[in-house]
Trainee: 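Questions regarding the structure given below will be posed in turn.
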Amino acid sequence: MNALGLGYDWTKEINTTDPNYYKWTQWMFLLIYNSWFDKDLNKARHINELPIPAEITDAMEIENYKDSHRLAFISMIPVNWCAELGTVLANEEVDEWKSKGYTVERKPMRQWMLKITEYADRLLTDLDLVEWPTSTKDMQFHWIGKSVGAEINFDVKNFDKSVKVFTTRPDTVFGATYLVLAPEHEFVSQIASDDKKAEIVEYLKKASEKSDLERTELSKEKTGVFIGAYAINPATGLEIPIWIADYVLAQYGTGAIMAVPGHDERDFEFAKEFNLPIVQVVKPADGKAWNIEESAFVEKSGFGMNSANSEVSLNDEPTPKAIEKIINWLKEKNIGEAKVQFKLRDWLFSRQRYWGEPIPIMYFEDGTKRSLDLDELPLLLPEVENFNPAGTGESALATVESWVNFTDKKTGKKARLETNTMPQWAGSCWYYMRYADYANNEIFCDFEKQKYWLGNGGVDLYVGGAEHAVLHLLYARFWHKVLYDFGYVSTVEPFQKLFHQGLILGEDGEKMSKSRGNVVNPDEVVGEYGADSLRLYEMFLGPLEAVKPWSTKNITGTFNFLNRAWRLIATEDGKLSEKVQDIELTPEQDYVLNYTIKKVGEDIENLSFNTAIAQMMIFVNEFTKAEVKPRSAMEKFVLCLSPFAPHIAEELWQILGHHKSVSLEEYPIFDEAKVVKQSIEFIVQVSSKIRAKLQLAVDLEENQVKELALQNESVIKHIDGKEIRKVIFVKNKLINFIV
RNA sequence: GCAGAAGUGGCGGAAUUGGCAGACGCGCUGGACUCAAAAUCCAGUGGGCUCAACACCCGUGCGGGUUCGACUCCCGCCUUCUGUACCA
């Protein structure tokens, strides 16, 4: 990187695995842990400010109540457990190990979660504040996935229970002909009939062995099992069967749905597969008949039908009105209410691996616990011989007796440390702020420094790959907002302007990889053509955001350009060329110079480096033609070139007689008056076809141009005595005679 | 399937309040310099037609449309890339 002349200040290097750095990652985790989300104020507050209900008086119960409100909490949630490996696998690792013959199952295990869902609304609305690519904003928008609907309770026949479902179409409740629970739903084992239990266990086993990916790959064929229980449709009063099926996800909504096969594609497919009744309760707005046995009617623009009981009728109501009406009825009867649901799930934060920041919480023998104080951080990882997981689902840390079990100095009590560690994402959630105050040991970043460097809406320009569009960029926004709520940062959002650079592919148009053998080694290119040629070529390839192939052959273009630029100013042996003299510029040279300064400056602002370089090539071509080169133009050109090709520019600058580094110079200023052309090539069209080009002075009026144009031979020929019906005139551009 | 982006010479790409399509570079062709070559410099280079020039015609993935005028705007398709995965 040094050879390429990239301007990194290595004294400010940071490292998320450095204890002095992860001290603050742990501190931030504890800030989150010691918070609850005040829905009224729509922000995080300290856990000690949480109002405790009067009926809770027992100290232990108060702690439990607090724990259930913390933004970091423990939950039993399904993870990819591989018993043979004794460890939990990431989604993308599952297939790899399964193909090696290992068994991976979805098993609920104790995990630390962060309540990012509390920030769902803010993460959504604050997207308006940032200058990000629309595609990335869209991705986050869909990922957060806000849907507005209702929750409805369906009583279970013969049980004192009711299944809560979430639906965006409560108006179709009259058409709900069965319920479907996620296989993992807690009611399944409780309400299933005995004769179905064997079948259910079998189905559950199969479902648990499927990864999320497999569940969806099998999407075309719906599977499920009737569990021998019935629910009562609260709208119709009818008994409807309860099924389990893995197309219903435990993690979303309530983990249960009311199935309306007449008005939902998935429910329709399922009903067809298992011969369940389909009832039409919405009709198309155009009044045409709809064959509900053929396909589901899913438009939200219809009118209700077959939807009435003794208390409420949705018949002939347009869908939006019907939704409103049924929600009011559900509320009145206390069987449901309006509900906003997000696709966004809480963040599974813990890892059962050695390499990660230890979660700084200790548990005492009496069942109480405490988080570490700032003066006890960082909580270091112990030195170990064996990094393998404990095999119990815990990390290697659980096997380090001396680390895990100890006597707490502050309380004198025997304690056991949490053995979970944090994910890679944690340290990258806030590193962008550490650069502003990289060595501070009192706080993660001094507020004033943070405000100075990042106060203008966050990081001014954040360049990174599109693969981070939803995970890193969402997690970091979440942490930043928590820090904002406690006044540690001055902006609501961490990254003001975001740019995704495109990948440079190998010469074969494929991703560069060792296995494909298409990797280009920059060191070799630098050796042959120099660092400036490489830098310039990478920028000249095409737009920064585009994915584009490398071509070693084409680097001669930028290499030649730099050689030509050199010869403009210097001799082969590095002396100032005798042709560089203090002379006036010709009007044409003056224009090219000023336009180059303007264009390159603007293109840098827009990150359009390829066109900036093209303009500098035009400059060099123009001045190569000249017998004598004006010194002032050469100096300004070197200043333009300097950010792109710093090494050559530096040498040329010194050859031109300067002693101060060119990198300390200001970018040159152009003369606005000189970038306006004195004369322009004017287009003359006859019936929209170009028939002549005239070299004219600028700002001529229509009459003047018309007169000149009509004297042109080619124009006369094409008008051919015909009547001119219309004349279109665009100032300084064209005149068009319609005949 | 859904969402987003893209499709322009032999190649990378340029051109957006709709107004010269192909800037700039690579490659290729010819010339100058040289004993020769490399390097360098100069000229040419979308296709068709033409001995050639002029002129003319065609041309921005495909098919329509709006407009005096469309790479650009609208409708419908095709292809490629990226992301995502039954979210009730």
Side-chain angles (χ1 to χ4, degrees), chain A residues 133-139 141-143 145-147 149 165-170 172 176 180 182 212-213 215-220 222 245-249 251-260 263-267 269-270 341-345 465-467 469-470 500 502-503 505 509 536-537 540-543 545-561 563-564 567 572 608 610-618 620-621 624-625 680-690 692-693 714 717 725-730 732-739:
Chain A
T134 317
S135 58
T136 308
K137 283 191 184 186
D138 280 353
M139 254 190 253
F141 185 86
H142 290 130
W143 190 267
K146 184 177 185 172
S147 7
V165 305
F166 174 71
T167 176
T168 55
R169 294 296 302 276
T172 61
V180 187
D212 282 349
L213 209 70
R215 278 196 185 189
T216 58
E217 268 173 5
L218 297 171
S219 65
K220 298 299 160 244
K222 293 271 185 291
D246 61 10
Y247 83 93
V248 173
L249 306 176
Q251 310 93 312
Y252 183 74
T254 60
I257 62 158
M258 64 172 202
V260 185
H263 305 284
D264 182 282
E265 298 281 2
R266 297 151 303 185
D267 298 345
E269 276 176 44
F270 192 80
Q341 187 66 50
F342 293 94
K343 265 200 264 187
L344 184 68
R345 296 174 198 169
E467 69 274 16
V470 281
H500 298 307
L503 218 55
L505 306 173
L536 227 50
Y537 179 59
F540 188 61
L541 264 178
E545 68 273 20
V547 177
K548 46 212 178 286
W550 174 269
S551 165
T552 300
K553 188 178 76 179
N554 284 356
I555 199 172
T556 54
T558 51
F559 178 69
N560 285 342
F561 160 69
N563 281 326
R564 282 160 64 85
R567 284 194 295 269
E572 287 296 326
S608 302
N610 53 331
T611 50
I613 292 165
Q615 183 57 39
M616 287 191 283
M617 288 172 167
I618 291 170
V620 169
N621 290 344
T624 295
K625 282 192 293 196
I680 40 157
E681 201 171 20
F682 212 91
I683 307 303
V684 184
Q685 298 180 330
V686 178
S687 290
S688 303
K689 299 220 166 184
I690 297 157
K693 295 175 186 179
S714 173
K717 191 177 126 197
R725 293 189 9 228
K726 194 173 171 187
V727 177
I728 289 143
F729 177 78
V730 182
N732 291 333
K733 280 240 169 83
L734 66 78
I735 188 161
N736 187 1
F737 300 100
I738 311 300
V739 299

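Please read these numbers as outputs of a predicted model, since none were measured by experiment.
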Trainee: What does L734(A) touch in the nucleic acid at a heavy-atom separation under 4.0 angstrom: a base, only the sugar-phosphate, or nothing?
Mentor: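 If one applies the 4.0 Å heavy-atom cut-off, L734(A) turns out to touch a base.
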Trainee: So, using ring-ring contact (aromatic ring centres under 6.0 Å, His included) as the criterion, who are the partners of F270(A) when residues are at least two apart?
Mentor: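 Testing F270(A) for ring-ring contact (aromatic ring centres under 6.0 Å, His included), a comparison that skips the adjacent residues, returns Y178(A), W243(A), Y247(A), F274(A).
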Trainee: Roughly, in whole Å, what's the span from CD in Q615(A) to P in A23(B)?
Mentor: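 One finds 14 Å between P of A23(B) and CD of Q615(A), rounded.
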Trainee: Given that both pair distances must be under 3.5 Å and the pair must be Watson-Crick or G-U, what runs of three or more consecutive pairs involve RNA chain B?
Mentor: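 Stems (3+ consecutive pairs) listed as B:1-7 with B:78-84, B:10-12 with B:24-26, B:27-32 with B:40-45, B:46-48 with B:56-58, B:61-65 with B:73-77.
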Trainee: For M139(A) and for M258(A), find the nucleotide of RNA chain B with the closest heavy atom, then tell me which residue's nucleotide is more 5'.
Mentor: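 Counting from the 5' end, the first nearest nucleotide belongs to M139(A).
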Trainee: Taking CZ from F141(A) and C1' from G83(B), how many angstroms apart are they, rounded to a whole number?
Mentor: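 That distance rounds to 17 Å.
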Trainee: Can you tell me how far P of C24(B) sits from CD1 of I618(A), to the nearest Å?
Mentor: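 Rounded to the whole Å, the gap is 5 Å.
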Trainee: Holding to side-chain hydrogen bond (donor to acceptor under 3.5 Å, both in side chains), I want the full list of residues that pass it with N732(A), two or more places apart in sequence or in another chain.
Mentor: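 Once residues adjacent in sequence are excluded, the partners of N732(A) under the side-chain hydrogen bond (donor to acceptor under 3.5 Å, both in side chains) criterion are D699(A).
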Trainee: Can you measure F540(A) atom CZ to A23(B) atom P for me and round it to whole angstrom units?
Mentor: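 Going from CZ in F540(A) over to P in A23(B) covers 11 Å.
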Trainee: Is the shortest heavy-atom distance from the side chain of T172(A) to the side chain of M258(A) under 4.5 Å?
Mentor: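 Contact flag for T172(A)/M258(A) side chains = yes.
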Trainee: Of all the nucleotides listed (C86(B), C20(B), A3(B)), which has the minimum atom distance to the side chain of I683(A)?
Mentor: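 Out of C86(B), C20(B), A3(B), the nucleotide with an atom closest to I683(A)'s side chain is C20(B).
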Trainee: What integer distance in Å separates E269(A):CD from C86(B):P?
Mentor: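 Atom CD in E269(A) sits about 13 Å away from atom P in C86(B).
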Trainee: Between U60(B) and G7(B), how far is it from one C1' atom to the other, in whole Å?
Mentor: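 Straight-line distance between the two C1' atoms is 9 Å.
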Trainee: Donor-acceptor pair, distance only, cut-off 3.5 Å: does the side chain of Y537(A) make one with the backbone of S551(A)?
Mentor: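 Between the backbone of S551(A) and the side chain of Y537(A) there is a qualifying donor-acceptor contact (under 3.5 Å).
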Trainee: List for me each residue that meets side-chain hydrogen bond (donor to acceptor under 3.5 Å, both in side chains) alongside Q615(A), sequence neighbours excluded, and say none if there are none.
Mentor: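 Testing Q615(A) for side-chain hydrogen bond (donor to acceptor under 3.5 Å, both in side chains), a comparison that skips the adjacent residues, returns T596(A).
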Trainee: Touch check for K553(A), heavy atoms < 4.0 angstrom, all strands: base, sugar-phosphate only, or nothing?
Mentor: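 It contacts sugar-phosphate atoms only.
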Trainee: For P543(A), answer base if it contacts any base atom (sugar-phosphate contacts may also be present), sugar-phosphate if it contacts only those atoms, and nothing otherwise; contact means non-hydrogen atoms under 4.0 Å.
Mentor: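 It contacts sugar-phosphate atoms only.
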Trainee: Collect all protein-nucleotide pairs involving nucleotides 54-58 of chain B in which both atoms are nitrogen or oxygen and the distance is under 3.5 Å.
Mentor:
{"unit_1": "C56(B)", "atom_1": "OP1", "unit_2": "R691(A)", "atom_2": "NH1", "d": "3.1"}
{"unit_1": "C56(B)", "atom_1": "OP1", "unit_2": "H718(A)", "atom_2": "NE2", "d": "3.1"}

Trainee: Does D264(A) use its side chain to pair, donor to acceptor, with the backbone of V260(A) at less than 3.5 Å?
Mentor: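 Such a contact is absent between D264(A) side chain and V260(A) backbone.
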Trainee: If you only use heavy atoms from C-beta on, which nucleotide in A88(B), A23(B), G27(B) is closest to the side chain of L249(A)?
Mentor: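 The answer is A88(B).
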Trainee: Is there a side-chain contact between V620(A) and M617(A), using heavy atoms and a 4.5 Å cut-off?
Mentor: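 Contact flag for V620(A)/M617(A) side chains = no.
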Trainee: Excluding sequence neighbours, so at least two apart, what forms ring-ring contact (aromatic ring centres under 6.0 Å, His included) with Y252(A)?
Mentor: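 Testing Y252(A) for ring-ring contact (aromatic ring centres under 6.0 Å, His included), a comparison that skips the adjacent residues, returns none.
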Trainee: In whole Å, I'd like the distance from the CG atom of L541(A) to the P atom of C24(B).
Mentor: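 The answer, rounded to whole Å, is 18 Å.
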Trainee: What is the distance, to the nearest angstrom, from the CD atom on E545(A) to the P atom on A6(B)?
Mentor: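 It works out to 9 Å between those atoms.
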Trainee: Apply side chain to side chain contact (heavy atoms under 4.5 Å, CB included) to residues L249(A) and R345(A) and explain how you reach the verdict.
Mentor: CA-CA 12 Å; L249(A) 306 176; R345(A) 296 174 198 169; 4.1 Å; yes
Trainee: Just call it for S147(A): base, sugar-phosphate, or nothing, with non-hydrogen atoms closer than 4.0 Å on any strand.
Mentor: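 S147(A): backbone/sugar contact only, no base atoms under 4.0 Å.
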Trainee: What protein N or O atoms touch nucleotides 38-42 of chain B N or O atoms at under 3.5 angstrom, if any, and at what distances?
Mentor:
{"unit_1": "U40(B)", "atom_1": "OP1", "unit_2": "N560(A)", "atom_2": "OD1", "d": "3.3"}
{"unit_1": "U40(B)", "atom_1": "O3'", "unit_2": "R567(A)", "atom_2": "NH2", "d": "3.1"}
{"unit_1": "C41(B)", "atom_1": "OP1", "unit_2": "R564(A)", "atom_2": "NH1", "d": "2.7"}
{"unit_1": "C41(B)", "atom_1": "OP1", "unit_2": "R567(A)", "atom_2": "NH2", "d": "3.4"}

Trainee: For S551(A), which contact category applies under a 4.0 Å heavy-atom criterion: base, sugar-phosphate, or nothing?
Mentor: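 No contact at all - S551(A) keeps every heavy atom at 4.0 Å or more from the nucleic acid.
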Trainee: For the C1' atoms, the ones on G64(B) and on C78(B), what distance do you get once it is rounded to whole angstrom?
Mentor: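 My reading of the C1' atoms in G64(B) and C78(B) gives 15 Å.
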Trainee: Can you sort out the partners of S608(A) under side-chain hydrogen bond (donor to acceptor under 3.5 Å, both in side chains), two or more places apart, ordered by chain and number?
Mentor: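 Scan of S608(A) (side-chain hydrogen bond (donor to acceptor under 3.5 Å, both in side chains), adjacent residues dropped) gives none.
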Trainee: Measuring to OP1 and OP2 of A88(B), would you say a side-chain N or O of Y247(A) lies under 4.0 angstrom away?
Mentor: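 No, Y247(A) has no side-chain N/O under 4.0 Å of OP1/OP2 on A88(B).
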Trainee: Give a yes/no on whether any side-chain N or O of N610(A) is located under 4.0 angstrom from OP1 or OP2 of A14(B).
Mentor: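 Affirmative; the distance criterion is met.
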Trainee: In chain order, what residues pass the ring-ring contact (aromatic ring centres under 6.0 Å, His included) check against W143(A), with sequence neighbours excluded?
Mentor: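 Scan of W143(A) (ring-ring contact (aromatic ring centres under 6.0 Å, His included), adjacent residues dropped) gives none.
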Trainee: For K693(A), give me all partners under side-chain hydrogen bond (donor to acceptor under 3.5 Å, both in side chains), at least two apart in sequence or on another chain.
Mentor: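 K693(A) satisfies side-chain hydrogen bond (donor to acceptor under 3.5 Å, both in side chains) with no residue once adjacent residues are dropped.
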Trainee: T611(A) has a side chain; which of C24(B), A88(B), A14(B) sits nearest to it?
Mentor: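 Looking only at heavy atoms from C-beta outward on T611(A), the closest nucleotide is A14(B).
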Trainee: State which residues pass side-chain contact (heavy atoms from CB on, under 4.5 Å) with N736(A); sequence neighbours excluded, sorted by chain then number.
Mentor: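 Residues passing side-chain contact (heavy atoms from CB on, under 4.5 Å) with N736(A): Q685(A), S688(A), I728(A), L734(A), I738(A).
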Trainee: In whole Å, what is the span from the NZ atom of K693(A) to the C1' atom of A21(B)?
Mentor: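 The answer, rounded to whole Å, is 11 Å.
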Trainee: Tell me whether K548(A) contacts the main-chain N or O of P543(A) through its side chain, where contact means a donor paired with an acceptor under 3.5 Å.
Mentor: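 Indeed, once roles are kept as given, a pair shorter than 3.5 Å links the two residues.
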Trainee: Under 3.5 Å, which N/O atoms of the protein pair with N/O atoms of nucleotides 65-69 of chain B?
Mentor:
{"unit_1": "C68(B)", "atom_1": "O2'", "unit_2": "S688(A)", "atom_2": "OG", "d": "2.3"}
{"unit_1": "C68(B)", "atom_1": "O2", "unit_2": "N736(A)", "atom_2": "ND2", "d": "2.6"}
{"unit_1": "G69(B)", "atom_1": "O4'", "unit_2": "S688(A)", "atom_2": "OG", "d": "3.2"}

